Colleague: 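First the structure, which I've put down as C-alpha cells, then a few questions once you've had a look.
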There are 2 protein chains.
Amino acid sequence: MANIQQVAQKAGVSVATVSRVLNNAPSVSPKTRLKVENAIRDLNYEPSMLGRNLRNSESRLLLVLLPSISNPFYTEIINGIQNTAIANSYNILLCETDSNPQRENIYFNMVKNKLADGVISMDPTVNMQKLNELAENHPVILCSEYEEGGCLPYVTIDNELAAYQAVKHLIKLGNEKIALINSDEKFLYARQRRNGYERALKEFNLPIRNEWIYHTKDLDFQNGVQAMRMLLQLDEKPSAVFAVSDTLAIGALKEVNMNGLHVPNDIAIVGFDNISFSNMTNPTLTTISQPMYRMGVIAANMLISSIKGDKVENIILDHELIIRESSMG
Amino acid sequence: MANIQQVAQKAGVSVATVSRVLNNAPSVSPKTRLKVENAIRDLNYEPSMLGRNLRNSESRLLLVLLPSISNPFYTEIINGIQNTAIANSYNILLCETDSNPQRENIYFNMVKNKLADGVISMDPTVNMQKLNELAENHPVILCSEYEEGGCLPYVTIDNELAAYQAVKHLIKLGNEKIALINSDEKFLYARQRRNGYERALKEFNLPIRNEWIYHTKDLDFQNGVQAMRMLLQLDEKPSAVFAVSDTLAIGALKEVNMNGLHVPNDIAIVGFDNISFSNMTNPTLTTISQPMYRMGVIAANMLISSIKGDKVENIILDHELIIRESSMG
DNA sequence: ATCGTAACTGTAATCGATTACAATTTTGTA
DNA sequence: TACAAAATTGTAATCGATTACAGTTACGAT
C-alpha cells in the first residue's frame, strides 16, 4: 500500500502539498491538485488513519458502554448514536461489559490509551467511581442511567413519573393488587421506578406489600419467568404486574400463559421500554415508550460537543404510555 | 497526559527502556524496571495506542459488518466474536450497514485507511465485488452468509440440509400443505433454504405451489405478519409454514393468533435461528438452532489467523432442529 | 525594469510509540 | 587482574500523516 511519500514523489511535489490536497486546503493550484489527484489514483492510495490520528491526537472513535447487547432496549439507542456519529465523521466502538469489571477495565483503558475520544455509558452496572475518575481527563456522557447528585452530564427520562403513570393506569382499570417486578435496586432507575410505583399506590390508598415486590438479578426473559412463578405461588396473588423492563414483562407473560391463566383478565401486565418485540407477543404488551432513538442522537451530540470542549446540559426526555392488550382486554 | 518521554526523563532512563518495560522485554534489570514503574505510577502514565499503532502498522480492531443490529440472530455471534477478539487483544468495530451501500463504503474505507486490521462480514446484502476487491489487500472472512464459488473463506452451516430437515419434520407430522416464508432469493441462504424446502416436498411427492411461497423484503417481525396475512387469504390455506427466520416466524405466529386460529392445530410453524425470543412466544417456536456463539468464535479465530498471515479453511458447522410447541401441540 | 504583494510550494518539526544497532556495564573465568 | 561474553541501556531511525514557517514564483502597478 502506497503512502503519502510515494504519492508526493510520483506527483513530483512535496508531501505537504499532497496532504493539502487530501484535506482540501484552498491554497493549491488547480494544476498541482490535478497532478496529485492523478498520482493518488494511479497508486490506489488511501491515507492511513494511523498517521493522521497520531498527528491530530484523536481517534474519531466513540466508545459506547453497555451491559449486554442482547437487551433489545439498546438497539434503537445505538442506532441513534451511530447515525449521529457518522454524520460527524466519528464511529462507535460498541463495548459489552457483561457487567464484568474486568471487561469494563479493558474499555476504560482504551479511552485512557486514546483509542477512543470519549465515552457514552449506558451501563447501570458501571463502576461510577472509576467512571468519574476517567471523566477527569476524558469526555463522558451518561445515557439513560445516570448518577443522582453526580457531576457527569446525562440524557434520560423521568423514570419515577413513567412508573407512576404505568401503575396509575393499572389502578384506573380497577386493579388493587399490583405487583412490581423490579431489577436490583442498586440501580438508580430501579429505585426511581419503585418510587413511582409506591407513589401511585399511596395516592389511591392501596397498601404496599413486600411480597408483591420481586427483585430480579438480570433483565433476561428468564428472570421474568421466575419472578412471575414466585408471584403466582403467593396465597394472595396480584391481579396486575408492573415490570420495569419489557424483557421481564414478556417472561412474566409467558409464565402466566403457561399456567393457563389469561392476560389481562386474570392478570394484567405492563412493561417498560417498548422494544420491538413487545408488539408481537400474545397479547401485545402495554408498556412505556422511551424515545430511544432520540436519546441516542442526543447522547452522541452531547459527547461530540463535549469533545470539542463545549459545555453540555443535562436533558430529560418525554416518555409515553403505550396501551395495548396486556392491560385491557 | 504524560507521554513516554516524560516518563523516561522522570525515571532517568531512555525512552527505549521505558518501552521495554511497557512491553515486558526480558532485558531490563529489576532495579531499572522498578524506577520506570514508579515513574509511570507517579505520572499516571498510559501509553498512547495512537503512537503504538502507527509504529506497529496495526489498529488491533476487527470490523464486523452486519445489516442490522436489531435482528437478534446476530447478538450471539457478536458475543462469540467479541470474546475471541478480546482474548487476543483485539477489539471489534460493530458496523451496521442498514443495507445502505453508502454506509458500506464508509466501512470499507475504514479498512483501507488501516483503522481496522480485517473484516468479518455477516451482511448478505454486501457488495460482493467490492468486498472481493477489499480482500485483495486486507483479510476478510465471511460468517454465515458466503459466496458460492467465491474465494473468500467462510464459516457457515448447511442451510439446504437444515431447511430440508425442518420441512421434513412438518411432513412427518402429517402436514401436506406447507408454505415457505422466504426472504429475497438474491441471498444465497434464501436460495439454499428454498432448495431444502423443495427437496423435502419432492421426496414425499408433495406439490410445490407458487402461491405458498412468499418472499419478504426484510426480516423484521412485521414482514412475517404481512406474509402470513397473504397466506391466510388464499383459497387453499397451508396447514404449516416454514419461515427462514425466527423474526419472520414470530410475526407469522402473531398474525395466526390475531385471526383466532390456533398454532399448531390450525397452522404449524417452524422458524430458523433459535433466537432467545423463540422460547418466549406463545406457543413456543420450533426452530433450527445454529451454533451462533461458536460461529462467532470461529469467524474471529479465522480472521485473526488470516491477519497473522496463516491460511484458513472454510468451516461448515452443525445445526439442530429444536422441536417446540408451534409444530406439535 | 523593479518592487510589493499574493499565491503557491517546500522544509522540517512533530505526534508517541518501537526496535535495530551500538555502546556500556556487569559477570564469570582463567 | 584481565578479558571475553552476557546483560543491560542508549541513540536514533522509523511508522505516516499534519502544519508552522520559510521560501519561491507570478503578476500587476509604478
Side-chain angles (χ1 to χ4, degrees), chain A residues 1-37 39-40 43-61 89 109-117 137-138, chain B residues 1-37 39-40 43-61 89 109-117 137-138:
Chain A
M1 291 250 96
N3 61 17
I4 200 172
Q5 333 275 348
Q6 293 163 355
V7 174
Q9 186 166 13
K10 173 122 190 166
V13 299
S14 72
V15 292
T17 301
V18 177
S19 177
R20 290 192 185 98
V21 172
L22 290 175
N23 293 286
N24 287 314
S27 70
V28 179
S29 76
K31 295 155 270 168
T32 321
R33 165 161 278 128
L34 206 65
K35 277 195 298 182
V36 172
E37 280 166 351
I40 289 177
L43 293 175
N44 220 331
Y45 167 74
E46 298 277 350
S48 157
M49 288 300 163
L50 300 176
R52 175 175 294 173
N53 288 347
L54 171 58
R55 175 58 217 227
N56 294 344
S57 297
E58 62 175 12
S59 65
R60 297 207 80 81
L61 251 30
S89 330
N109 279 331
M110 291 175 64
V111 181
K112 290 185 194 156
N113 296 338
K114 307 272 186 86
L115 238 181
D117 295 342
N137 292 303
H138 306 271
Chain B
M1 291 250 96
N3 61 17
I4 200 173
Q5 332 275 348
Q6 294 163 356
V7 174
Q9 186 166 12
K10 173 123 191 166
V13 300
S14 71
V15 293
T17 301
V18 178
S19 177
R20 290 193 186 97
V21 172
L22 290 175
N23 294 286
N24 287 315
S27 69
V28 179
S29 77
K31 293 154 270 168
T32 319
R33 165 162 279 131
L34 206 65
K35 277 195 298 181
V36 172
E37 280 166 350
I40 289 178
L43 293 175
N44 218 330
Y45 166 75
E46 297 279 348
S48 157
M49 287 302 163
L50 300 176
R52 176 176 293 173
N53 289 345
L54 172 59
R55 175 59 218 229
N56 293 345
S57 297
E58 63 174 14
S59 65
R60 297 206 82 82
L61 250 29
S89 331
N109 279 330
M110 290 175 65
V111 182
K112 291 185 194 157
N113 295 339
K114 308 271 186 83
L115 239 181
D117 295 342
N137 292 303
H138 306 271

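On a predicted model such as this, the values are computed, not experimentally measured, just so you know. Naming convention: chains lettered A, B, ... in sequence-line order (proteins, then strands); numbering from 1 in each chain.
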Colleague: Nearest whole Å is fine: how far is dA17(D) P from R60(A) CZ?
Modeller: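 Answer to the nearest Å: 17 Å.
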Colleague: Does N3(A) use its side chain to pair, donor to acceptor, with the backbone of Q6(A) at less than 3.5 Å?
Modeller: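 Side chain of N3(A) to backbone of Q6(A), a donor-acceptor pair under 3.5 Å: yes, one is there.
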Colleague: Ignoring hydrogens and geometry, is there a side-chain-to-backbone donor-acceptor pair from R33(A) to V21(A) under 3.5 Å?
Modeller: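 Not at all, since once roles are kept as given, no pair shorter than 3.5 Å links the two residues.
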Colleague: How close or far is atom C1' of dA17(C) from atom CD of E58(B), stated in whole angstroms?
Modeller: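 Taking atom C1' of dA17(C) as the reference, CD of E58(B) is at 12 Å.
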Colleague: If the cut-off is 4.0 Å, is N53(A) near the phosphate of dA17(D), judged by side-chain N/O to OP1 or OP2?
Modeller: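 Negative; the distance criterion is not met.
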Colleague: Using only atom types and a distance under 3.5 Å, with no angle test, would you say the side chain of N113(A) pairs donor to acceptor with the backbone of L115(A)?
Modeller: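 Side chain of N113(A) to backbone of L115(A): no pair is present.
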Colleague: When we call it a touch if two heavy atoms are under 4.0 Å apart, what does V28(B) touch: a base, just sugar-phosphate, or nothing?
Modeller: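 Sugar-phosphate, backbone atoms only, no base.
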Colleague: Specify the separation, in whole Å, of atom CG of N23(B) and atom C1' of dA17(C).
Modeller: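 These atoms are roughly 9 Å apart.
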Colleague: Tell me whether E37(B) at atom CD has more than 12 heavy atoms from other residues, nucleotides or ligands lying less than 6.0 Å away.
Modeller: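 For E37(B), atom CD is crowded (more than 12 foreign heavy atoms under 6.0 Å).
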Colleague: Give one of base, sugar-phosphate or nothing for S27(A), where a contact means two heavy atoms less than 4.0 Å apart.
Modeller: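 Base contact.
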Colleague: Looking only at non-hydrogen atoms, find the nearest pair between I4(A) and S19(A) and report the distance.
Modeller: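 Shortest heavy-atom contact: CD1-N, 3.9 Å.
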Colleague: Would you tabulate the pairs of protein nitrogen or oxygen atoms and nucleotide nitrogen or oxygen atoms of nucleotides 25-28 of chain D closer than 3.5 angstrom?
Modeller:
none

Colleague: List every contact pair, protein side and nucleotides 10-16 of chain C side both N or O, where the distance is under 3.5 Å.
Modeller:
| from | atom 1 | to | atom 2 | distance (Å) |
| --- | --- | --- | --- | --- |
| dG10(C) | OP2 | S14(A) | N | 3.0 |
| dG10(C) | OP2 | S14(A) | OG | 3.2 |
| dG10(C) | OP2 | T17(A) | OG1 | 2.8 |
| dG10(C) | N7 | R20(A) | NH1 | 3.4 |
| dG10(C) | O6 | R20(A) | NH2 | 2.4 |
| dT14(C) | O2 | R55(A) | NH1 | 2.7 |
| dC15(C) | O2 | R55(A) | N | 3.4 |
| dG16(C) | OP2 | N3(B) | ND2 | 3.4 |
| dG16(C) | N2 | G51(B) | O | 3.1 |

Colleague: Using atom CD of Q6(A) as one end and atom C1' of dA17(D) as the other, report the distance to the nearest whole Å.
Modeller: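 In whole Å, dA17(D) C1' lies 13 Å from Q6(A) CD.
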Colleague: Run the side chain to side chain contact (heavy atoms under 4.5 Å, CB included) test against L50(A) and tell me which residues pass, sequence neighbours left out.
Modeller: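 Only S48(A), N53(B), L54(B), S59(B), K114(B) meet the side chain to side chain contact (heavy atoms under 4.5 Å, CB included) criterion with L50(A).
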Colleague: Taking side chain to side chain contact (heavy atoms under 4.5 Å, CB included) as the test, write out the residues that go with S29(A), two or more places apart.
Modeller: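 For S29(A) the side chain to side chain contact (heavy atoms under 4.5 Å, CB included) partners, ignoring immediate neighbours, are K31(A), T32(A).
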Colleague: State which residues pass side chain to side chain contact (heavy atoms under 4.5 Å, CB included) with K10(A); sequence neighbours excluded, sorted by chain then number.
Modeller: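 K10(A): side chain to side chain contact (heavy atoms under 4.5 Å, CB included) contacts with A39(A), D42(A), L43(A).
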Colleague: Going by the rule side chain to side chain contact (heavy atoms under 4.5 Å, CB included), which residues pair with R20(B) if we only count those two or more places apart in sequence or in a different chain?
Modeller: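 A16(B), T17(B), A25(B), S27(B), V28(B).
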Colleague: In whole angstroms, how far is the P atom of dA7(C) from the NZ atom of K31(A)?
Modeller: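 It is 14 Å, rounded to the nearest whole Å.
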Colleague: Please report the distance, rounded to the nearest Å, between CG in L22(A) and C1' in dT18(D).
Modeller: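 So the two atoms are 10 Å apart, to the nearest Å.
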